Peer 1: 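So that we are looking at the same thing, I have put the structure below in structure tokens.
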Amino acid sequence: MLSYQHSYHAGGPADVHKHVALCLLLEHLTKKEKPFCVIDLYAGEGDYNLAGHAAQKTQEYESGIGHVWGASDAPSPVQSYLDVLHRLNPNGELRRYPGSPSLARAYLRDDDRLILNELHSTAFAELGRWARKDARIGVHKRDGLEAMVGLTPPQIRRGLVLIDPSYEIKTEYTGVPEKLAEAVRKWREGIYLVWYPVLKEGRHRALIDGVIASIDVPTFACELSFGAAKPGGEMPGLRGTGLIVVNPPWQFDDAMSEAGAWLAKNLGRAKHTTTWLKRPDDKP
Ligand SMILES: C[S@@+](CC[C@H](N)C(=O)[O-])C[C@H]1O[C@@H](n2cnc3c(N)ncnc32)[C@H](O)[C@@H]1O
């Protein structure tokens, strides 16, 4: 049974890191007139009420978005994300934290499409309510790993897949790279954004090693590490937040370096690193 509920963790440091990258990728997709499709395989509820019981119980958002919401010196890769948050909270007070579906919807044009997937029954019901009446959005209730292969490639062949599991099931650390490699074989030009936890005991290394061994297109990774300090109550042993981007757009690495340096300073006791797992000029 699935027990993870993102409403307890919305707006935490991991969300901030992941959503800065997501907004950069969405912004890139809007640079051309050609329509794009976003597939969000672990969508959660859509958006979150920060005054609600779950967010107030952990107050995790205070150690994430709480540190950056009012910043006046954010570099442009972070500012794009903050601009969307401000548009979604127009009276200047941070009340609702957008989940990945809400951020993606903020960038959609008439012909773009958003495919959402969520397996948890309660979150799926919330997501369905959130997405209703928007004909550009489709909602599925499938296992994320199965859907990664089943839903790719989408009809619109320009786009992005967000892979953001809760890693409640330990086999996800090996399942993600396995299914990702299958999806990349089916949709080589797609951009894929994978979130992973940086864990004290190093279990996430299996995921990174699996990607290095099986993905033969350009792939970039970045991490914000919090050392021994716990960024929130998300998972035992959590030491930081990591992202893998398959087929990153040109200069995405520079943008995430700039964003990472600023976030490391502002989220407190953090260190940021960026690495190419497969360089654009590496031969397959
Ligand atoms: C980290 S949260 C997603 C957060 C969301 N992507 C965001 O950024 O706002 C992970 C979600 O995956 C869902 N989930 C867990 N196991 C799943 C599975 N096997 N297939 C699909 N969804 C799953 C959880 O219910 C949870 O809502």
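First listed ligand is number 1; within each ligand, the first listed atom is number 1. A quick note: this is a predicted structure, and the numbers were derived from the prediction, not measured.
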Peer 1: For Lys18, counting its heavy atoms only, list the atoms of ligand 1 lying under 4.0 Å from any of them.
Peer 2: 8 (O)
Peer 1: Side chain, backbone, both or neither: which applies to Ala43 and ligand 1 if a contact is any heavy-atom pair less than 4.0 Å apart?
Peer 2: backbone
Peer 1: Report yes or no: does Gln5 have a heavy atom closer than 4.0 Å to ligand 1?
Peer 2: no
Peer 1: Does the N or O separation between Gly144 and ligand 1 drop below 3.5 Å for any pair?
Peer 2: yes
Peer 1: For Gly44, take its heavy atoms, then give the atoms of ligand 1 lying under 4.0 Å from any of them.
Peer 2: 27 (O)
Peer 1: Could an N or O of ligand 1 be found under 3.5 Å from any N or O of Asp164, whether backbone or side chain?
Peer 2: yes
Peer 1: I'd like the name of whichever of Glu45, His120, Glu118, His6 reaches closest to atom 27 (O) of ligand 1 through any heavy atom.
Peer 2: Glu118
Peer 1: Please identify which atoms of ligand 1 are closer than 4.0 Å to at least one heavy atom of Arg142.
Peer 2: 20 (N), 21 (C)
Peer 1: Going by atom types alone, do Ser7 and Gln5 pair a side-chain donor with an acceptor below 3.5 Å?
Peer 2: no
Peer 1: Which is closest to atom 18 (C) of ligand 1 in terms of heavy atoms, Leu127, Leu119, Leu162?
Peer 2: Leu119
Peer 1: Using distance alone, determine whether Tyr42 and ligand 1 share an N or O pair under 3.5 Å.
Peer 2: yes
Peer 1: Report yes or no: does a heavy atom of His19 sit under 4.0 Å from some atom of ligand 1?
Peer 2: yes
Peer 1: Report the C-alpha separation of Glu93 and Asn89 in whole Å, then their side-chain angles, then the decisive distance to 0.1 Å, and conclude whether the side-chain hydrogen bond (donor to acceptor under 3.5 Å, both in side chains) test is met.
Peer 2: CA-CA 6 Å; Glu93 200 186 327; Asn89 288 278; over 6 Å; no
Peer 1: So which heavy atom on Arg136 is nearest to which on Leu108, and how close?
Peer 2: NH1-O, 3.2 Å
Peer 1: For atom 9 (O) of ligand 1, what is the closest protein heavy atom, and at what distance to 0.1 Å?
Peer 2: Ser100 N, 2.9 Å
Peer 1: For Lys271, I'd like to know if atom NZ has over 12 heavy atoms of other residues, nucleotides or ligands within 6.0 Å.
Peer 2: no
Peer 1: Can you confirm whether the side chains of Gln56 and Tyr61 place a donor and an acceptor under 3.5 Å from each other?
Peer 2: yes
Peer 1: Under the ring pair (Phe, Tyr, Trp, His ring centres under 6.0 Å) test against Tyr167, which residue among Tyr42, Tyr173, Tyr196 passes?
Peer 2: Tyr173
Peer 1: Find all atoms of ligand 1 within a distance of less than 4.0 Å from any non-hydrogen atom belonging to Asp143, and give their numbers and elements.
Peer 2: 18 (C), 19 (N), 20 (N)
Peer 1: List every atom of ligand 1 that sits less than 4.0 Å from any heavy atom of Gly99, numbering the atoms from 1 in the order shown and giving each element.
Peer 2: 9 (O)
Peer 1: Can a side-chain donor-acceptor contact be found between Tyr4 and His6 if the only test is distance below 3.5 angstrom?
Peer 2: yes
Peer 1: Looking at Ser166, which atoms of ligand 1 are within less than 4.0 Å of one of its heavy atoms?
Peer 2: 15 (C)
Peer 1: So which protein heavy atom does atom 16 (N) of ligand 1 come closest to, and at what separation?
Peer 2: Leu2 CD2, 3.5 Å
Peer 1: Whether the side chain of Glu45 engages the backbone of Ala123 through a donor-acceptor N/O pair (distance < 3.5 Å, no angle test) should be reported.
Peer 2: no
Peer 1: I'd like to know if the side chain of Thr219 and the backbone of Ile215 have a donor-acceptor N/O pair within less than 3.5 Å.
Peer 2: no
Peer 1: I'd like to know if the side chain of Ser100 pairs up with that of Lys18 as donor and acceptor (distance under 3.5 Å, no hydrogens or angles considered).
Peer 2: no
